[in-house]
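Just so you know, these numbers use all the heavy atoms, side chains as well, and skip hydrogens, waters and symmetry mates. As the structure is a computational prediction, the values presented were derived from the model and not from experiment. All chains are named by letter (A, B, ...) in the order of the sequence lines, taking the proteins before the strands, and each is independently numbered beginning at 1.
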There are 2 protein chains.
Amino acid sequence: MQDKTTQATRQAARNNRSRAVSADLIAVVIAVTNGEPRVLTIGHADALPSGPFELGHRSLQSGLRAWVERQTGHPLGYIEQLYTFADRDRTGDERVQISISYLGLTREEQTERSPTHGWRGWYDYFPWEDHRAGVPPILPAILMPRLLAWADEAEDMNLRHNRRQRVAYAFGLDDRDWNEELVLQRYELLYEAALVAEAARGRDNGSPLSVPGRPMIADHRRILATGIARLRTKIKYRPVVFELMPPAFTLLQLQRTVEALAGRLVHKQNFRRLIEQQDLVEETGETMSDTGGRPAKRFRFRQTVLAERTVAGTKLPLSRA
Amino acid sequence: MQDKTTQATRQAARNNRSRAVSADLIAVVIAVTNGEPRVLTIGHADALPSGPFELGHRSLQSGLRAWVERQTGHPLGYIEQLYTFADRDRTGDERVQISISYLGLTREEQTERSPTHGWRGWYDYFPWEDHRAGVPPILPAILMPRLLAWADEAEDMNLRHNRRQRVAYAFGLDDRDWNEELVLQRYELLYEAALVAEAARGRDNGSPLSVPGRPMIADHRRILATGIARLRTKIKYRPVVFELMPPAFTLLQLQRTVEALAGRLVHKQNFRRLIEQQDLVEETGETMSDTGGRPAKRFRFRQTVLAERTVAGTKLPLSRA
DNA sequence: TCAGTTATACTCAAATAGAGCATAATAGGG
DNA sequence: CCCTATTATGCTCTATTTGAGTATAACTGA
C-alpha cells in the first residue's frame, strides 16, 4: 500500500545522517501558593527540572514525569507540551540537542525544604510582570528608559521606528493597554536590549549593568517565559486554573489564583458572574469564615465539565484598571 | 556560576542512553486555491512531506524548509510549530523516533503536475468537516448512527455515557452548536470507533467497513487534523489568512478563503465591518469586475500591522447558520 | 453596638456580535 | 435603452456580553 517515494523518505529517517541527535525534556512546573505563582526549580533556583529522553521511557510525557519526580520528588498532574527547539550543542561535539519543553500544573505540597530543589515565585524572574499592585516601579524607573534608549541607538531609521513600536506594543505605551500575555515578547525585547543577564553571556561586552530579575542557566528563563505566557493565555479559554486549586475553595481564593497568574486584578462581582454562569463549580455546602467578613461558600470544581466538553471553554474577566 | 546538580543533569543528556533518537520533520503545508483549502502531499497523496532532521540543518525550521523544497519544489513562507511526538520505531530496531510537525502557509503556484507530489483538497481527507453547504450528508447518514452505535456498545454504563457526551460535544448534537475547531477531537473519536481506515491497521479485525475520507500513511492524517484545527483556531485571533492570499484581493475573495478554512459561512456585511474596523487592509485603488455584479475594490494587507503588533489580534465573524 | 471586612445580589451603560434592509454599480439579454 | 441578475457597500436594529458601580448581607473583634 505504501508507495516508493514514501518508503524512501521513511527509510532516510533511519540512516546514519540523523543519528547524532539527543532529546532533552524540560519542565515548567507551576503551583500557586498563598496567592503567589511559583515555579519548581533545581540547583540554586536557576534551572528547570530536565533530563534526557531515554529508551526506557514509554512516551515523552512519561519521561518528563520520571525526571521531575526523580529530581524533585514531586509527582505531576496536568501537563501539556510547550515548544520544541534545537540547538547545536555548545560543548563542541557534533551532537544536536533537541529540547522539548512542557508546562505542568500542580499544587505545592507541604514538603520539606530541600537543597536540590525548591519552589520560587515566578515574579522573582520577571519582576516587571506583576501588575496587581499597579505598574511595578522598575518599569518606569529603569526598564522603559533603557528600552527607549536602546531603540534610539539604532542607526537605521526604520530599525529605530520598528524597535520603538515593538516596545510600545509589548509594554503598553501611549494609549495602548498592558497585555499580560506578551511575557515572551517582553523578555525577548529585554534580551535584545541586553537588559537581562543572559544576554551578556555569549558576548564579550564588559558592561555588567545592574539588570533586573533573577537569571537562569542556558535558556531556561526564556522557557519559563513561554510557559507563563501560555498559562496566561490558556486560563481565559480552558478551565485549567482548577488544576492549581485545592479540592474545595472559595470564589475569592479562585479569583486570587487567577490574579496571581495574570499579574493583574479582576472585577470581583463580574468574576463570580462568569464563573457561576458557566457552571464550572458547585457548592460543597460548607462555608469558610477565615479572614474576617461574611463567611464564604466553598465550591468544588465540577469534574464532569472535563468529560462534557473535552475542550471546554472558560472566560475570565480581566479588567483594565 | 552553574551548580553541580545542573551540570550533572546536562551531562547526562550527552551520555549513551539517549543516543538512539532520530528526529523527523513533518510539514502540513496549506494553500487555498479557488475557494478550496488544499494540502501539499507526496506519494499517492497519502503522505505529508517529511524527512529527518540532519546535522547540516541550521535549525528545525530550515531543515523543514529544505525537505519540503527538495520533495515538492515548493518554497515555504510562513511556518509555525504544531506538535512533537515520539514513537517507538515500528520497524523493530531499538531506535526511538521523534516527529516534529509544522504548519506552513503558502499560495499554490501555477505549477506543473508532478508524479511525486501534488495539492489535494483537505476535505478529501475530512469530508465531514465541510459545512459550507450545510451539514454534509455523510454525517447524519453514516457517521452519526455508527458513532452512536459505538457509544452504546460499551459494556460499562459510565463509559457509555462518557462516549455519548464526547460524541455529542464534538459533533454538535442536541442543542449544541457545531464547533469547527474540534477537528482533532472528531478524528480521534472516529478513530476510536474504528470509522477511519487507519484504525484497522494495527488490529486483525477483518471488518473492512466502507469508511469515509481518504486515509494517509502512519499518523499523517492525524497530523493534518492537528494542523487544520490549529489554523481554524488561529485565523480568529491572528492575521494569518493573509499568508494565503495573493498580494491584492477583494473582500469577497478574502471571505471565501476564510470560509474555506473554517468550513462554514460568514455573514458578509459583518465580515467587512470587522476587517475594516481593524485596519487590516488598505485599498489598492484598483477595482475588479470579475463575476458579474458591481465591481469590487481591491485591497492589500497592511504589512505594517505585523510590525505594529507582533502578536496582532484579528477577529472573524463565524455565524451559526 | 459599632467599625471593618468580605460575600453576594442587582442595576446600568458601553461595546460587540448576529441579522437583515436598502441602495449602488456592474453585465447581459431582450 | 430598459430590465434583471448579481455582487458591493452602507446602515439600522436587537440581543448579548462586558466593564463598572451600588446596595445589602453576614460575619469578627473591639
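- The distance from atom CZ of Arg272(A) to atom P of dC10(C) is 12 Å, rounded to the nearest whole Å.
- Aromatic ring orientation, Phe242(A) versus Phe301(A): parallel (interplanar angle below 30°, classes split at 30° and 60°).
- Two end axes, each from the C1' atoms of five base pairs, can be drawn for the helix from dT1(C)-dA30(D) to dG30(C)-dC1(D); they diverge by 10°, to 10 degrees.
- The distance between atom CZ of Phe271(B) and atom P of dA19(C), rounded to the nearest whole Å, is 16 Å.
- Under 4.0 Å is where a charged nitrogen must lie from a carboxylate oxygen, and between Glu80(B) and Arg238(B) no such pair does.
- Looking at residues two or more places apart in sequence or on another chain, you find a side-chain contact (heavy atoms from CB on, under 4.5 Å) between Gln255(A) and Leu252(A), Glu259(A), Val266(A), Lys268(A), Phe271(A).
- Between Gln269(B) and Pro295(A), the one whose closest nucleotide on DNA chain D sits nearer the 5' end is Gln269(B).
- Side-chain N/O atoms of Lys268(A) include one lying less than 4.0 angstrom from OP1 or OP2 on dA7(C).
- Of the candidate nucleotides dT8(C), dA8(D), dG19(D), dA8(D) has the atom lying nearest to any side-chain atom of Leu252(B).
- To the nearest angstrom, P of dG10(D) lies 14 Å from CG of Asn270(B).
- Where Gly293(A) and Glu276(B) each meet DNA chain D at their nearest nucleotide, the meeting point lying more 5' is that of Glu276(B).
- In this structure, Arg222(A) places its CZ atom where only 12 or fewer heavy-atom neighbours from other residues, nucleotides or ligands lie under 6.0 Å away.
- For Arg294(A) and Arg273(B), each mapped to the nucleotide of DNA chain C holding its nearest heavy atom, the one lying further toward the 5' end belongs to Arg294(A).
- Ion pairing of Arg132(B) with Glu36(B) is present here, as a side-chain N (NZ or NE/NH1/NH2) and a carboxylate O approach within less than 4.0 Å.
- A straight line from NZ of Lys297(A) to C1' of dT8(C) spans 8 Å, rounded to a whole angstrom.
- The nearest whole Å value for the distance from the CD atom in Glu283(A) to the C1' atom in dA7(C) is 12 Å.
- The NE2-P distance, from His267(A) to dA15(C), rounds to 17 Å in whole Å.
- Atom pair Leu254(B):CG and dA8(D):P shows a separation of 12 Å (rounding to whole Å applied).
- Stacking of Arg186(B) on the aromatic ring of Trp178(B) is recorded, both the 6.0 Å distance cut-off and the 45° axial limit being met.
- Among the heavy atoms of the strands, none lies under 4.0 Å from Leu251(A).
- Here the C1' atom of nucleotide dA17(C) and the NZ atom of Lys236(B) are 14 Å apart, to the nearest Å.
- Here Glu180(A) does not pair with Arg232(A) in a salt bridge; the nearest charged N to carboxylate O distance is not below 4.0 Å.
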